[in-house]
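As structure tokens, the structure follows; a few thoughts come after it.
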Amino acid sequence: MTEQTPTIATRPSGVRVRFCPSPTGVPHVGLVRTALFNWAYARHTGGKLVFRIEDTDAARDSEESYHQLLDALRWIGLDWDEGVEVGGPHEPYRQSQRGDLYADVLARLLQAGHLYEAFSTPDEVEARHRAAGRDPKLGYDGHDRSLTAEDRAALREQGREPVLRLRMPDHDIVVDDLVRGEITFPAGATPDPVLARAGGAPLYTLVNPVDDAAMGITHVLRGEDLLSSTPRQVALHEALTDIGFSTGVPRFGHLPYVMGDGNRKLSKRDPESSLFVLRERGFLPEGLLNYLSLLGWALSGEQHVFRRDELVAAFDITDVVGAPARFDLAKAAAINGSHVRLLEAGDFSRRLVPYLQGAGLVGEELTEAQVQAIEAAGPLVQPRITLLGEAPGMLGFLLTPDDALEVEGAARSSLREDAGAVLDAATSALEALSDWEASAIEATLREALVTGMDLKPKVAFGPVRVAVTGRKVSPPLFESLEILGRVSSLARIAALRANLEE
RNA sequence: GCCCCUAUCGUCUAGCGGCCUAGGACACCGCCCUUUCAAGGCGGCAGCGCGGGUUCGAACCCCGUUGGGGGCACCA
């Protein structure tokens, strides 16, 4: 065993980072943020991102979750250089398929004396702590470290099977964390961890560092929750180096938590923690990517809205902040709104389609008229929404047959006594209009209602807006009338007029 | 209990000893623009947890303290 703790890996050139989730549950924003920072660091440095799946817990892992992980990464636009789906020189990239490697490493580690067989049950460990007047929560006490071959044989006689524990070094372990700086873990503070169950089933404690070593990972960028497991990982890397399996210890960088409301970690109970919920609400991949990168990092003090390539150009793991960041849905939406506004008009309209389909306003196949209406109205709603999911509400009136249009209660009750007269005047003016175009519509309606009836614009146009869109709030009225067309517009005004009589 | 992390406006952050009477963004509040609602423009409110040092000088360095978070599994 080495005397000193090497904290800087001596590796071939080039940054190699990895993203290695276990496929349990639905992808959440904290997970994606971790993937994002690994990706950004790889792209910034010209290094490689490895995507590995840690599915050694058959009870909790699921194939569905695996596919959701792929879906999530692809949607937000993170690609990887090696790993599941794309292959690479270190296949396979699913730990459930790497059992032979782990068994081999375990055997070599055991033979070299870095591992030992431990027979103590958790109850026995706790009982020893109590008997000695120590805190029972102290963790494993190292009791089996000194078992002789005879001792072990005797225990086996009793039908007991040992787990394999790593012999932690008796010196302090110093980690130069890329985001937190130098951290010292006192000798003896980390109990000897179990690396394999009785029977040999490998645990995360073994498999994660072994694969990092096998895949030549140079920088381990992961969640803060794993910070306290770092000393045992460093110790394992040292042992792996000692047996010639590895060439050193990777650098570590521990990313801050993503918090929810209050002072809790963002939990799966929070709906906004689910990437897919966010996507359904209408986040743009580039908008969410932008916001997520702001959780613990900043491009500069001044620029908050930026593109993917600007992120890559500027991102450095050493600039990441160590303190937890709160996920603020309002700010996320605001950043998204900025990206919505940045979209080219045609692009924006096309991205609306899935949300209109989801709302049942259009079918699988769009009609020519629907395409035209969406493209014409797109620019009207683009500055008015922050999430694409808001679009159906604003565009619904254009994609609904005249006789199916429903006037919202609040819109209906906003009408004053003179609404009928306003609608009558609007009808006369519009029927006489030869050129059905927004500016002409505006001119004639202003003349008839504002000038002719001496009404304030808000009062004058309100009833027309309600008649045509069914709502108090809508895209700009005159453009909306133009897009809707003369026939439908007049029909809707007439319908509301008739309705007022009742 | 032990170990570790962390601390600038309500929130996310810039700041890396003098450029700081602390900058930006979100939120909030005004005003302008305006056919509704937005967008946009202009302005405002609001912060270095506390106590000691070090220094000519501290948001920045050191020590302590308090608050917050995490870990102490045959889960990952």
Side-chain angles (χ1 to χ4, degrees), chain A residues 20-24 54-57 59-61 118 120-122 134-140 161-165 175 177 179-181 183-186 188-191 193-199 201 203-205 207-208 223-231 254 256-257 259 261 263-265 291 294-305 321-335 337-338 340-341 380-386 390 394 411 414 442 445-446 449-450 456-462 464-466 469 471-480:
Chain A
C20 53
S22 33
T24 59
E54 308 226 330
D55 52 351
T56 53
D57 187 352
R60 296 198 311 163
D61 299 329
S120 301
T121 66
R134 292 188 299 257
D135 186 339
K137 291 171 66 183
L138 230 38
Y140 181 65
E161 285 297 318
V163 301
L164 260 22
R165 286 188 188 267
V175 178
D177 192 276
V179 346
R180 290 150 210 279
I183 304 168
T184 301
F185 296 90
T190 307
V194 174
L195 263 38
R197 288 192 168 111
L203 262 19
Y204 164 82
T205 39
V207 138
N208 180 271
E224 179 182 355
D225 50 327
L226 295 167
L227 184 55
S228 58
S229 76
T230 305
H254 288 91
Y257 281 108
M259 310 292 282
D261 278 335
N263 249 334
R264 323 177 323 269
K265 238 178 105 175
Y291 179 68
L294 255 16
L295 261 20
W297 181 81
L299 185 140
S300 72
E302 311 297 312
Q303 187 185 352
H304 303 93
V305 175
V321 171
R326 206 174 308 278
F327 185 90
D328 181 351
L329 192 59
K331 179 155 184 175
I335 295 280
S338 296
V340 164
R341 253 136 256 142
L380 266 29
V381 311
Q382 192 169 359
R384 269 166 249 274
I385 63 173
T386 58
E390 298 160 34
M394 304 218 76
S414 72
E442 175 172 6
L445 246 23
R446 272 187 196 284
L449 309 178
V450 179
K456 286 180 178 174
K458 182 171 186 169
V459 177
F461 303 134
V464 181
R465 185 186 307 282
V466 170
T469 69
R471 300 170 35 136
K472 274 164 65 181
V473 174
S474 79
L477 182 59
F478 314 117
E479 286 82 351
S480 294

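Being a predicted model, the structure only gives us computed values, none of them experimental. Note on naming: letters A, B, ... go to the chains in the order of the sequence lines (proteins, then strands), and numbering restarts at 1 for each one. Both backbone and side-chain heavy atoms feed into the values below; hydrogens, waters and symmetry mates do not.
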Calculate, to the nearest 0.5 Å, the distance between atoms [atom1] and [atom2] belonging to [X] and [Y] respectively.
X	Y	atom1	atom2	answer
A:M259	A:L295	CE	CG	11.0 Å
A:S414	A:R465	OG	CZ	10.0 Å
A:D61	A:T56	CG	OG1	6.5 Å

Whole-Å distance separating the [atom1] atom of [X] from the [atom2] atom of [N]:
X	N	atom1	atom2	result
A:L449	B:U36	CG	C1'	15 Å
A:R326	B:C9	CZ	P	11 Å
A:K456	B:U36	NZ	P	12 Å
A:K458	B:U35	NZ	P	12 Å
A:M259	B:G10	CE	C1'	16 Å
A:H254	B:C3	NE2	P	19 Å
A:M394	B:A39	CE	C1'	12 Å

Rounded distance in Å between the [atom1] positions of [N] and [M]:
N	M	atom1	answer
B:G71	B:C60	P	30 Å
B:C74	B:C50	C1'	45 Å
B:U54	B:A59	P	16 Å
B:G53	B:A58	P	12 Å
B:G15	B:C61	P	12 Å
B:G49	B:C31	P	35 Å
B:G10	B:A46	P	10 Å
B:C48	B:U21	C1'	14 Å

By nearest heavy atom, map A:P256 and A:E442 onto RNA chain B; which one lands nearer the 5' end?
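Final value for this comparison: A:P256.
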Distances for protein N/O vs nucleotides 5-7 of chain B N/O pairs under 3.5 angstrom?
| from | atom 1 | to | atom 2 | distance (Å) |
| --- | --- | --- | --- | --- |
| B:C5 | O2' | A:R180 | NH1 | 2.3 |

Restricting to salt bridge (Lys or Arg N to Asp or Glu O under 4.0 Å), what partner residues turn up for A:R471, sequence neighbours left out?
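A:R471: no salt bridge (Lys or Arg N to Asp or Glu O under 4.0 Å) contacts found.
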Tell me, please, which residues at least two apart from A:R326 pass salt bridge (Lys or Arg N to Asp or Glu O under 4.0 Å).
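Partners of A:R326 by the salt bridge (Lys or Arg N to Asp or Glu O under 4.0 Å) criterion come out as none, since no residue qualifies.
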Determine, for nucleotides 25-30 of chain B in 5'-to-3' order, which nucleotides have protein heavy atoms under 4.0 Å from the base (write B), from only the sugar-phosphate (write S), or from neither (write -).
BS----
Exercise: do A:H304 and A:S338 side chains pair donor with acceptor under 3.5 Å
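Side-chain D/A pair, A:H304 to A:S338: absent.
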Indicate, yes or no, whether a donor-acceptor pair under 3.5 Å links the base of B:C37 to the side chain of A:R384.
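Indeed there is one.
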Taking donor-acceptor contacts at under 3.5 Å, does the side chain of A:R465 reach the base of B:U35?
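Side chain to base: pair present.
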Counting only Watson-Crick or G-U wobble pairs whose two distances fall under 3.5 Å, which nucleotide matches B:A38?
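Looking at the geometry, B:A38 pairs with no nucleotide.
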Counting only Watson-Crick pairs (N1-N3 plus N6-O4 or O6-N4) and G-U wobbles (N1-O2, O6-N3), all under 3.5 Å, who is the partner of B:C28?
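Partner of B:C28: B:G44.
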Closest listed nucleotide, where the reference is the side chain of [X] and the choices are [options]:
X	options	result
A:P383	B:A38, B:C37, B:C3	B:A38
A:P476	B:U13, B:U36, B:A38	B:U36
A:F461	B:U35, B:C37, B:C3	B:U35

For A:P476, side-chain contact (heavy atoms from CB on, under 4.5 Å) partners two or more places apart:
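side-chain contact (heavy atoms from CB on, under 4.5 Å) check on A:P476 returns A:L380, A:R384, A:E479.
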Any idea which heavy atoms bring [X] and [Y] closest together, and the distance?
X	Y	result
A:R197	A:L203	CG-CD1, 3.8 Å
A:A198	A:V163	N-CG1, 3.7 Å
A:P256	A:G296	CG-CA, 4.2 Å
A:L226	A:S229	O-OG, 2.8 Å

Quick one: which protein N/O atoms are closer than 3.5 Å to N/O atoms of nucleotides 71-76 of chain B? Pair and distance per line, please.
| from | atom 1 | to | atom 2 | distance (Å) |
| --- | --- | --- | --- | --- |
| B:G71 | O4' | A:S228 | OG | 3.4 |
| B:G71 | O2' | A:S228 | OG | 2.8 |
| B:C74 | OP2 | A:R165 | NH2 | 3.4 |
| B:C75 | OP1 | A:R197 | NE | 2.9 |
| B:C75 | OP1 | A:R197 | NH2 | 2.4 |
| B:C75 | OP2 | A:R197 | NE | 3.4 |
| B:C75 | OP2 | A:R197 | NH2 | 3.0 |
| B:C75 | O5' | A:R197 | NH2 | 3.3 |
| B:C75 | O2' | A:D57 | OD2 | 2.7 |
| B:C75 | O2' | A:R60 | NH2 | 3.4 |
| B:A76 | OP1 | A:T56 | OG1 | 3.2 |
| B:A76 | OP2 | A:Y204 | N | 3.0 |
| B:A76 | O2' | A:S22 | OG | 2.7 |
| B:A76 | N6 | A:R232 | NH2 | 2.8 |

What is the nucleic acid contact for A:G337, judged by heavy atoms within less than 4.0 Å: base, sugar-phosphate only, or nothing?
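No contact.
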For A:F327, is there any backbone N or O sitting under 3.5 Å from a side-chain donor or acceptor partner on A:Y291?
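Not confirmed, A:Y291 side chain does not pair with A:F327 backbone.
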One pair to check against side-chain contact (heavy atoms from CB on, under 4.5 Å): A:T24 and A:D57. What are the steps and the verdict?
CA-CA 9 Å; A:T24 59; A:D57 187 352; over 6 Å; no
Yes or no on side-chain contact (heavy atoms from CB on, under 4.5 Å) for A:T386 and A:R341, after CA distance, side-chain angles and deciding distance?
CA-CA 9 Å; A:T386 58; A:R341 253 136 256 142; 4.2 Å; yes
Under 4.0 Å from OP1 or OP2 of B:U36: is there any side-chain N or O of A:R471 that close?
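The answer is no; no side-chain N or O of A:R471 sits under 4.0 Å from OP1 or OP2.
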